[in-house]
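First comes the structure, then the notes that go with it.
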Number of protein chains: 2
Amino acid sequence: MADQPKSDKINMKALAKALDVSIATVSKALRDSHDIGPETKLKVIEAAKKLNYVPNAYASSLRKKASNTIAIIIPEIADSFFSQAINGIESVVAVKKYHTLIYLTHDSYEREAYMFGELASGRVDGVIMSVASNTEDTSHIKALQQTGIPIVFFDRVFDDLKSVKITTDDFNSAYIATNHLLEAGCKNISLITIKGYPSILSAREQGYREALTEKGIDVHEGNVVTCSNKYNNENVDVIAAHLTAQKPDGIIATVEHLATSTYLACNELKLNIPRDIKVVCFTNQITAPILNPPLTTILQPAFDMGKQAAQLLFDHLAGRTEDTKKEIVLPSKLVARESTAF
Amino acid sequence: MADQPKSDKINMKALAKALDVSIATVSKALRDSHDIGPETKLKVIEAAKKLNYVPNAYASSLRKKASNTIAIIIPEIADSFFSQAINGIESVVAVKKYHTLIYLTHDSYEREAYMFGELASGRVDGVIMSVASNTEDTSHIKALQQTGIPIVFFDRVFDDLKSVKITTDDFNSAYIATNHLLEAGCKNISLITIKGYPSILSAREQGYREALTEKGIDVHEGNVVTCSNKYNNENVDVIAAHLTAQKPDGIIATVEHLATSTYLACNELKLNIPRDIKVVCFTNQITAPILNPPLTTILQPAFDMGKQAAQLLFDHLAGRTEDTKKEIVLPSKLVARESTAF
DNA sequence: TTTATTTGCTTAAACGTTTAACTAAATTGG
DNA sequence: CCAATTTAGTTAAACGTTTAAGCAAATAAA
């Protein structure tokens with residue numbers, strides 16, 4: 001410890017001087033080049049270790065035009081789906097020894113566009129993203145794609161954008177959820193949803209509508225309730241008002257935080273779940289089994305979606321670009337619990 | 001759109017050539033240097049916009065020896081505390097227009113040490129971290145600190161390391177939680193905990209012990225149960241076995257996922273919460289109010305901890321290094337709900 | 001009018017790597 | 001034994017910025 005130089009960052013030049021060889025020799029030795037003899041290599045590697053040499057990442061990146069870094073761009077992080085998806089992404093990134101930049105759009109198109117501008121700086125080799133709820137203009141995304149940076153979309157995607165996409169079968173999941181409620185005896189099912197995320201939320205709404213019309217049930221427009229995408233008490237009020245007005249006996253909540261709001265609204269109105277009203281929600285929360293009552297959920301394959309997104313991105317980075325327009329759809333799973341018990 | 005050059009990345013050199021000025025002029029104009037005349041500046045800025053010029057981040061970083069990037073190193077991300085803390089960090093980082101690298105240790109010392117090695121590459125200007133559960137050797141941390149990179153610790157800190165630390169009052173929170181259970185009539189309170197995280201978990205255990213001994217109650221060693229830090233069914237079994245053997249009438253769960261396991265164990269044994277047993281847990285889950293029954297929680301100021309950690313890091317980066325050993329302790333809050341009702 | 005200062009730009013070095021091109025010595029082949 | 005090849009290195013350019021230093025022209029001061 002004591003014999004190490006205090007702080008003056010050690011670089012290749014210093015290392016080369018210490019060993020009395022050229023900088024190129026050091027560089028090549030460390031990258032195990034064929035150009036360098038075995039004993040020289042050993043000398044270099046040992047000296048590097050002893051002097052605590054760590055190559056400068058940005059000099060490397062600049063020269064090699066590769067950053068070994070990817071970006072994750074997502075709306076939010078305090079959400080079980082996204083945090084589990086990040087785990088999936090990270091499981092791949094870690095073994096590739098890449099680095100991960102994370103950007104949160106907070107569902108703002110402006111922030112998203114700004115972030116894409118930043119990414120044109122060569123900072124990342126690729127991007128994994130889930131689009132913001134209100135993003136309609138895709139020019140920022142196309143612009144980045146044109147610079148040659150591959151982008152993999154997951155969950156909240158863009159239909160009109162050609163790219164690799166990992167999604168789950170939202171239409172089908174909502175369709176199944178609706179039928180599940182119908183089978184549990186519901187006659188008047190409402191969809192509690194939010195604005196935005198056209199790719200997933202309108203699919204879920206369509207699945208809901210399709211299941212109903214298929215059974216010859218008219219969808220009363222008052223049964224589709226739009227909440228805010230903030231977790232707040234206002235939503236509880238909106239839902240409570242809806243429950244009072246329309247008296248639905250079944251609820252499908254399309255996003256995680258609406259489950260909590262729905263439960264709270266039911267509590268407020270002293271509605272018993274599942275006796276008076278049955279509830280199913282799209283969520284990956286691990287607490288679903290211990291809610292009051294245990295919540296029937298549509299469980300999304302969050303980890304796998306993240307993992308596959310990352311794998312496809314790395315495939316692309318490795319030049320395996322054949323299926324650059326691949327669209328993978330992973331199944332979600334309805335986990336029936338007491339909240340929809342007959 | 002059509003008149004823009006297809007893809008060939010445009011750099012300062014190209015921009016300079018297009019404008020028939022020197023590279024330095026472009027650089028200075030874009031950084032609004034006093035050296036450049038106003039009309040030249042305008043010309044440059046307009047051309048840059050028109051040609052979609054984005055400066056290369058790594059060339060910049062290399063030259064300026066500043067990356068405008070920080071790293072977050074945490075054990076896990078699918079956890080309400082950490083994801084909320086990240087939101088807090090991000091709220092500061094975003095306005096500073098910095099970038100955030102994220103690394104998950106999955107509570108492995110080896111990964112943590114490896115990551116610290118990577119960070120010596122000049123990739124980041126500073127680090128915000130929460131240590132892995134089993135990290136005991138701190139040499140990797142000290143080594144990075146010696147290179148001059150500031151590190152701010154939050155939540156899971158190291159007592160023997162001099163640095164800025166943001167924690168919450170774990171001892172006190174557990175002390176309060178224990179008293180809360182005592183006041184609710186509990187006579188036989190168990191602590192369900194896990195191995196590791198000495199800084200927070202032993203503080204919580206001490207708070208628990210202190211509250212009991214203060215009331216003249218002996219702490220039966222069988223009442224401190226150690227679970228695994230994986231969310232799995234094994235823990236449910238361990239807890240169920242404990243409930244059967246020791247018949248506690250109060251439970252303090254020290255980490256988030258143990259709440260779910262404890263509830264499931266109670267369900268399994270048909271124990272009614274709060275009648276047969278009362279439960280309080282350290283968790284920030286938003287579903288706590290709608291659990292069965294609503295869970296009394298120790299709510300940690302996760303967002304604020306992240307935010308303050310980031311602010312102090314930026315203070316340090318800005319050279320305000322006077323309180324480089326500051327230790328901030330933010331209060332947690334006991335939120336009483338039905339799971340501990342009298 | 002002459003000298004000093006300011007303005008607005010250019011040249012060139014530097015940041016720390018990687019790598020193409022070169023070279024001298026050692027080895028191999030005929 | 002001499003030419004061709006291989007081995008083990010070196011030199012220098014390049015990646016795309018930033019910035020110190022320099023310089024000519026314009027302006028201000030004496």
Side-chain angles (χ1 to χ4, degrees), chain A residues 8-45 47-48 51-69 99 118-125 147-148, chain B residues 8-45 47-48 51-69 99 118-125 147-148:
Chain A
D8 270 354
K9 277 257 179 64
I10 179 132
N11 56 19
M12 277 197 171
K13 199 169 169 184
L15 200 49
K17 179 169 284 179
L19 288 162
D20 200 36
V21 296
S22 75
I23 294 178
T25 302
V26 174
S27 176
K28 290 178 175 178
L30 292 175
R31 329 196 77 238
D32 202 25
S33 156
H34 232 296
D35 275 7
I36 307 299
E39 53 309 347
T40 311
K41 265 183 201 169
L42 220 72
K43 255 181 28 187
V44 172
I45 290 167
L51 297 178
N52 259 318
Y53 169 71
V54 181
N56 181 288
Y58 293 160
S60 237
S61 290
L62 178 60
R63 179 58 227 246
K64 295 199 293 187
K65 289 173 163 296
S67 64
N68 282 17
T69 304
H99 302 260
E118 285 288 308
L119 293 183
S121 67
R123 211 177 272 280
V124 298
D125 298 338
T147 71
Chain B
D8 269 355
K9 277 260 179 64
I10 178 134
N11 56 20
M12 277 198 171
K13 199 170 170 182
L15 199 50
K17 180 169 283 178
L19 287 163
D20 200 37
V21 295
S22 76
I23 294 178
T25 302
V26 173
S27 176
K28 290 179 176 177
L30 292 175
R31 328 197 78 240
D32 202 26
S33 156
H34 234 299
D35 274 8
I36 307 298
E39 54 305 350
T40 311
K41 264 182 199 168
L42 220 72
K43 257 181 29 188
V44 172
I45 291 167
L51 297 177
N52 260 317
Y53 169 70
V54 181
N56 182 287
Y58 293 161
S60 236
S61 290
L62 177 58
R63 180 56 228 247
K64 294 199 295 188
K65 290 172 164 296
S67 64
N68 282 17
T69 304
H99 302 260
E118 285 288 308
L119 293 183
S121 67
R123 209 177 272 280
V124 298
D125 299 337
T147 71

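This structure is a prediction, so every number in the text was calculated from the model and none was measured.
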Can you tell me if A:Tyr53 touches the phosphate of C:dT17, counting only side-chain N or O atoms and a distance under 4.0 Å to OP1 or OP2? yes
Within the distance-only criterion (no hydrogens, no angle test), does the side chain of A:Ser121 pair as donor or acceptor with the backbone N or O of B:Asn56 below 3.5 angstrom? no
C:dC9 P sits how many Å from B:Asp20 CG, rounded? 12 Å
Measure the spacing between CD1 of A:Ile36 and NZ of A:Lys28 and express it to the nearest 0.5 Å. 6.0 Å
C:dT19 phosphate, OP1 or OP2: any side-chain N/O from A:Arg63 under 4.0 angstrom? no
When you check the phosphate oxygens OP1 and OP2 of C:dT17, does a side-chain N or O of A:Ser60 lie under 4.0 Å from one of them? no
Between A:Lys9 and C:dG16, is there a contact of a side-chain N or O with OP1 or OP2 at under 4.0 Å? no
Output yes when a side-chain donor or acceptor of A:Tyr58 lies under 3.5 Å from a complementary backbone atom of B:Ala59, and no otherwise. no
How long is the line joining CG of B:Asn68 and C1' of D:dT17, in whole Å? 14 Å
With distance as the sole test, does B:Lys9 use its side chain to make a donor-acceptor pair with the main-chain N or O of B:Val54 at under 3.5 Å? no
Side chain proximity check, A:Asp125 to A:Thr69, heavy atoms < 4.5 angstrom: no
Tell me whether the OP1 or OP2 atom of C:dT18 has a side-chain N or O from A:Ser27 closer than 4.0 Å. yes
Is any side-chain N or O of A:Arg31 closer than 4.0 Å to OP1 or OP2 of C:dT17? no
Could you state the CE-P distance from A:Met12 to D:dA14, rounded to the nearest angstrom? 20 Å
Ranking D:dG9, C:dT17, C:dT10 by distance to the side chain of B:Ala24, first place goes to C:dT10
Contacts of B:Ala59 and B:Asp35 projected onto DNA chain C by closest heavy atom; the upstream (5') one is B:Asp35
A:Leu19 CG to D:dG9 P, in whole Å, measures 12 Å
Assuming nearest nucleotide by heavy-atom distance, tell me which of A:His34 and A:Ile23 is located more 5' along DNA chain D. A:His34
Identify which nucleotide among C:dA20, C:dC9, C:dG16 has an atom closest to any side-chain atom of B:Lys65, counting heavy atoms from C-beta outward. C:dG16
Separation between NZ of B:Lys64 and CG of B:Leu62, rounded to the nearest 0.5 Å: 12.0 Å
Expressed in angstrom and rounded to an integer, what is the separation of B:Lys28 atom NZ from D:dG16 atom P? 21 Å
What integer distance in Å separates B:Tyr58:OH from D:dG16:C1'? 14 Å
Can you tell me which nucleotide in C:dT18, C:dC9, D:dG16 comes closest to the side chain of B:Asn11? D:dG16
Whole-Å gap separating C1' (D:dT6) and CD1 (A:Ile36): 14 Å
side-chain N/O B:Thr40 vs C:dC9 OP1/OP2, d < 4.0 Å: yes
Rounded to whole Å, CG of A:Asp32 lies from C1' of D:dA8 at a distance of 14 Å
Short side-chain N/O contact to C:dG16 OP1/OP2 from A:Asn56, under 4.0 Å: no
Just to be sure I understand the rule, does B:Lys13 reach a base, reach only the sugar-phosphate, or reach nothing, if contact means heavy atoms closer than 4.0 Å? nothing
Could you tell me whether the phosphate oxygens of C:dT19, OP1 or OP2, come under 4.0 Å of any side-chain nitrogen or oxygen in A:Lys64? no
Closest listed nucleotide, where the reference is the side chain of B:Ser22 and the choices are D:dT19, C:dT17, C:dT10: C:dT10
